[in-house]
Amino acid sequence: MKSIKYLLLLFLLVFCIVLLVYRDVVVDEGVCLFAARLISHGKLPYIDFANVQGPMYSIFYGLFNILFGQDIYVNRFITLSFGLAGLFLGGRIAQEIGKEIAENIYYLFCITSVYMLVHYVAIVTYGLALFFLMLSMYLAINKNQIILSYLALLIAASVRLSIFFAVPITIVYFFVRSENKKQTFFSILSVTFLFFIVVFFPFIYKSYDMFSYNIVGSHITVIPFVVRLQGIAHTFFVNMKEMTIFALIFFSSFIYLIKTKTEYKREMLFLLSIVLAVFIIHLFPVNAGSYYNVLLFPILFVISGSIFSEVLKNKKHIIPGLIIITMFFMINLTEQIKLVQKHRLIQSYKPIEKINQVAGYIKQELKKDEILLSFNTLIAVQSNAILPTEFAEDCFSYKGDWSIDKCKKYKRVNNEIFMDYVSDEGIRLIALGDFDLHQFGPDKKNILKKMEKEGFVFAKKFENFGQWHDNLYIFTRK
């Protein structure tokens with residue numbers, strides 16, 4: 001059994017490295033790496049630049065930037081390392097609950113989950129958040145380490161904010177399991193207070209408006225209640241349509257656990273409750289996609305593997321059990337491949353090489369202390385070009401309907417601010433894609449005329465570029 005596990009782990013590692021190379025680039029990768037560079041230079045999120053993710057996410061990558069640099073390949077490998085470590089911890093939990101059979105089934109689910117894995121190789125929140133979330137579950141279930149488990153969960157939540165909705169469920173689990181509930185209460189209270197003081201309070205104290213908008217306001221769109229319900233219903237049905245396996249595992253596991261007595265029933269209901277809580281909160285953001293829930297798949301695979309290991313203990317259930325497991329694997333693999341194809345997440349070429357091609361051109365054109373003006377943070381990072389901090393959120397930095405005062409308050413960019421930068425003599429090069437030009441709306445012509453007036457001329461075009469696969473246009477000052 002152990003040799004099977006090691007073969008599965010080896011295959012998983014090799015498969016993920018291949019995905020790392022051919023995985024399409026994501027806007028969020030540039031946002032993360034640019035934030036990391038700013039932090040490594042002494043800047044702070046929510047104070048010096050906009051950052052809509054949890055504070056620990058940027059701080060961790062700022063540390064990685066200091067230690068390993070800002071290269072995309074290097075940071076993808078770091079992200080993958082955390083993702084794989086998280087998956088390994090999930091395997092340990094499955095082994096604790098359902099022994100080696102559960103662990104092997106768990107890893108087979110992981111290997112057939114290509115859509116999930118491609119989100120663990122990109123420099124986004126999922127890999128890092130998964131590691132700390134699974135570390136928390138591992139410490140709670142395998143080691144009964146309440147304080148360390150709770151601390152790991154808080155770190156996970158300050159990387160990916162939706163995980164905060166798993167905190168109350170985890171606290172309840174700690175109390176149910178604890179023999180000394182008074183000590184548990186004060187321990188949790190102390191850790192919560194200290195974590196808040198260290199991680200969140202400095203930003204709240206220094207820049208409350210900026211912090212509250214980035215952490216809360218930017219994720220919430222004020223819309224009529226009926227429209228909100230329609231959006232939630234739409235997101236729910238999209239998830240059920242695209243991820244049938246998610247629903248199959250969740251509901252079949254719930255029914256099994258309600259009807260059957262098992263040794264680790266409490267632990268599996270605890271894990272199932274976390275999946276439900278985080279899944280529900282993922283229904284609320286406008287334009288939320290099924291990819292939000294790739295973080296929850298490993299937890300479901302732990303539960304499913306553990307339940308199937310119980311079923312296979314009965315000789316009468318071996319054949320039907322294996323048929324159902326095989327069916328689950330096939331459904332999972334088919335659905336996840338379809339999602340990868342639908343969203344074009346894997347390319348036949350190496351997407352980062354295109355970023356490097358543009359970055360190399362920018363390096364040649366820009367001299368020391370000359371500034372790049374662009375909504376593309378990936379090329380700024382990879383070329384090590386100076387980019388104004390107002391552009392830290394990449395294309396999401398643009399707020400065409402905001403006033404100048406509001407943009408300056410929250411460190412964003414509108415058309416007037418962009419044109420002011422065009423007039424800045426320190427700007428040597430401008431890089432804009434079709435998507436950026438489209439965002440300018442009716443002011444697109446005025447902005448291009450302003451660029452021409454300030455001496456900018458078209459220099460080069462790069463086709464099929466970046467996440468949007470549009471054209472990128474380079475303008476240089478005469």
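The model shown is predicted, which means the values in this text are computed figures rather than measured ones.
By the 30° and 60° cut-offs, the orientation of the rings of H119 relative to Y291 is parallel.
Judged purely by atom type and a 3.5 angstrom limit, S113 uses its side chain to pair as donor or acceptor with the backbone of F109. Not one N or O on the side chain of S304 forms a donor-acceptor pair closer than 3.5 Å with the backbone of L300. Between the side chain of S149 and the main chain of I146, no donor-acceptor pair closer than 3.5 Å is present. A donor-acceptor pair is defined here as one N or O able to donate and one able to accept, closer than 3.5 Å; no such pair exists between the side chain of Y115 and the backbone of I337. Using a distance-only test at 3.5 Å, with no hydrogens or angles considered, no donor-acceptor pair links the side chain of N51 to the main chain of P45. Between the Q336 side chain and the M116 main chain, a donor and an acceptor come within less than 3.5 Å of each other. Looking only at distances, no side-chain donor or acceptor of S383 sits under 3.5 Å from a matching main-chain atom of A359. Judged by distance alone, with hydrogens and angles left aside, the side-chain atoms of N214 form a donor-acceptor pair with the main-chain N or O of M210 at under 3.5 Å. N376 places a side-chain N or O within 3.5 Å of a backbone atom of L378 that can act as its donor or acceptor partner. When atom types are taken as modelled, the side chain of D470 and the backbone of D434 share a donor-acceptor pair closer than 3.5 angstrom.
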V176 vs V172, side chain to side chain contact (heavy atoms under 4.5 Å, CB included): CA-CA, chis, key distance, verdict:
CA-CA 6 Å; V176 170; V172 170; 4.3 Å; yes
List the steps, then state whether side chain to side chain contact (heavy atoms under 4.5 Å, CB included) holds for F435 with C395.
CA-CA 8 Å; F435 182 83; C395 58; 3.8 Å; yes
Please step through side-chain hydrogen bond (donor to acceptor under 3.5 Å, both in side chains) for the pair E335 and T244, ending with a clear verdict.
CA-CA 8 Å; E335 286 186 335; T244 309; 2.5 Å; yes
What verdict does the side-chain hydrogen bond (donor to acceptor under 3.5 Å, both in side chains) test give for E96 and Y264, after you've listed the backbone C-alpha separation in whole Å, the side-chain angles of each residue and the deciding distance to 0.1 Å?
CA-CA 9 Å; E96 174 71 18; Y264 285 92; 3.1 Å; yes
For a side chain to side chain contact (heavy atoms under 4.5 Å, CB included) check, start with the C-alpha distance between Q347 and Y22, then their side-chain angles and the critical distance, and finish with the verdict.
CA-CA 6 Å; Q347 302 297 331; Y22 292 97; 5.6 Å; no
Which is it for F49 and F34 under the ring pair (Phe, Tyr, Trp, His ring centres under 6.0 Å) test, yes or no, and what are the steps along the way?
CA-CA 10 Å; F49 63 94; F34 187 66; 7.5 Å; no
Between E242 and K338, does a salt bridge (charged side-chain N to carboxylate O under 4.0 Å, His left out) hold up when you go through it step by step?
CA-CA 9 Å; E242 294 187 343; K338 283 183 178 179; over 6 Å; no
Worked check of side chain to side chain contact (heavy atoms under 4.5 Å, CB included) between T79 and V121:
CA-CA 6 Å; T79 304; V121 301; over 6 Å; no
Please test Y292 against S162 for side-chain hydrogen bond (donor to acceptor under 3.5 Å, both in side chains), starting from the C-alpha separation and ending with a verdict.
CA-CA 10 Å; Y292 275 47; S162 60; over 6 Å; no
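When all heavy atoms of I215 and G54 are compared, the pair lying nearest together is CD1-CA, 4.3 Å. Closest of all the heavy-atom pairs between N239 and N293 is OD1-ND2, 2.9 Å. Between T192 and I188, the shortest heavy-atom distance links the atoms OG1-O, 2.7 Å. Between G98 and S309, the closest heavy-atom pair is O-OG, 3.2 Å. Minimum interatomic distance between G90 and V302 (heavy atoms only, all atoms of both residues): O-CG2, 3.4 Å. The heavy-atom pair separating I274 from A166 by the smallest distance is CG2-CB, 3.9 Å.
When only modelled atom types and interatomic distance are considered, N104 and E100 share no side-chain donor-acceptor pair under 3.5 Å. Side-chain contact check for D28 and Q53: no donor-acceptor pair (N or O, by modelled atom type) lies under 3.5 Å. A donor atom on one side chain and an acceptor atom on the other are found under 3.5 Å apart for E267 and Y173. For the residue pair Y256/E310, the side-chain donor-acceptor check at 3.5 Å is not satisfied.
E103 and K5 are joined by a salt bridge, as a carboxylate oxygen and a charged side-chain nitrogen come within less than 4.0 angstrom of each other. Using a 4.0 Å cut-off between a side-chain N of Lys or Arg and a carboxylate O of Asp or Glu, K411 and E393 do not qualify as a salt bridge.
Here L20 contributes atom CG and R76 contributes atom CZ; the two are 6.0 Å apart, rounded to the nearest 0.5 Å. F284 contributes atom CZ, which lies 15.5 Å from atom NE2 of H219 (distance to the nearest 0.5 angstrom). Of the inter-residue distances, the one linking L135 atom CG with R92 atom CZ reads 13.5 Å to the nearest 0.5 angstrom. With values rounded to the nearest 0.5 angstrom, S290 atom OG is found 10.0 Å from M240 atom CE. Atom CG of residue L139 and atom CG of residue L153 lie 11.0 Å apart, to the nearest 0.5 angstrom. Interatomic distance, M330 CE to T334 OG1, rounded to the nearest 0.5 Å: 5.0 Å.
The closest side-chain heavy-atom distance from I299 to M134 is below 4.5 Å. The shortest distance between side-chain heavy atoms of I303 and I307 falls below 4.5 Å. Side-chain contact between I249 and F301: present, with at least one pair of heavy atoms (C-beta onward) separated by less than 4.5 Å. I352 places a side-chain heavy atom less than 4.5 Å from the side chain of N356. Taking the side chain as every heavy atom from C-beta outward, L87 and Y120 approach each other to under 4.5 Å. Using a 4.5 Å cut-off on side-chain heavy atoms (C-beta onward), F60 and I155 make contact. Counting heavy atoms from C-beta on, the side chains of T170 and F175 never come closer than 4.5 Å. Here the side chains of L44 and K206 are not in contact, with every heavy-atom distance at 4.5 Å or above.
Taking the six-membered ring wherever Trp is involved, the centroid distance between the rings of F64 and F82 falls below 6.0 Å. The distance between the ring centers of Y213 and Y46 does not fall below 6.0 angstrom. Ring-centre distance between F246 and F279: below the 6.0 Å cut-off. Taking the six-membered ring for Trp and the full ring otherwise, the centers of H469 and F465 sit at least 6.0 Å from each other. Ring-centre distance between Y73 and F77: not below the 6.0 Å cut-off.
Cation-pi geometry between K354 and Y349 is met: under 6.0 angstrom from the ring centre, within 45 degrees of the axis.
For the side-chain contact (heavy atoms from CB on, under 4.5 Å) criterion with N75, the lone passing option out of L33, N65, V381, L80 is L33. F375 pairs in a side-chain contact (heavy atoms from CB on, under 4.5 Å) with only one of the listed residues (D436, V27, L387), which is D436.
In the displayed structure, F164 atom CZ is contacted under 6.0 Å by more than 12 heavy atoms of other residues, nucleotides or ligands.
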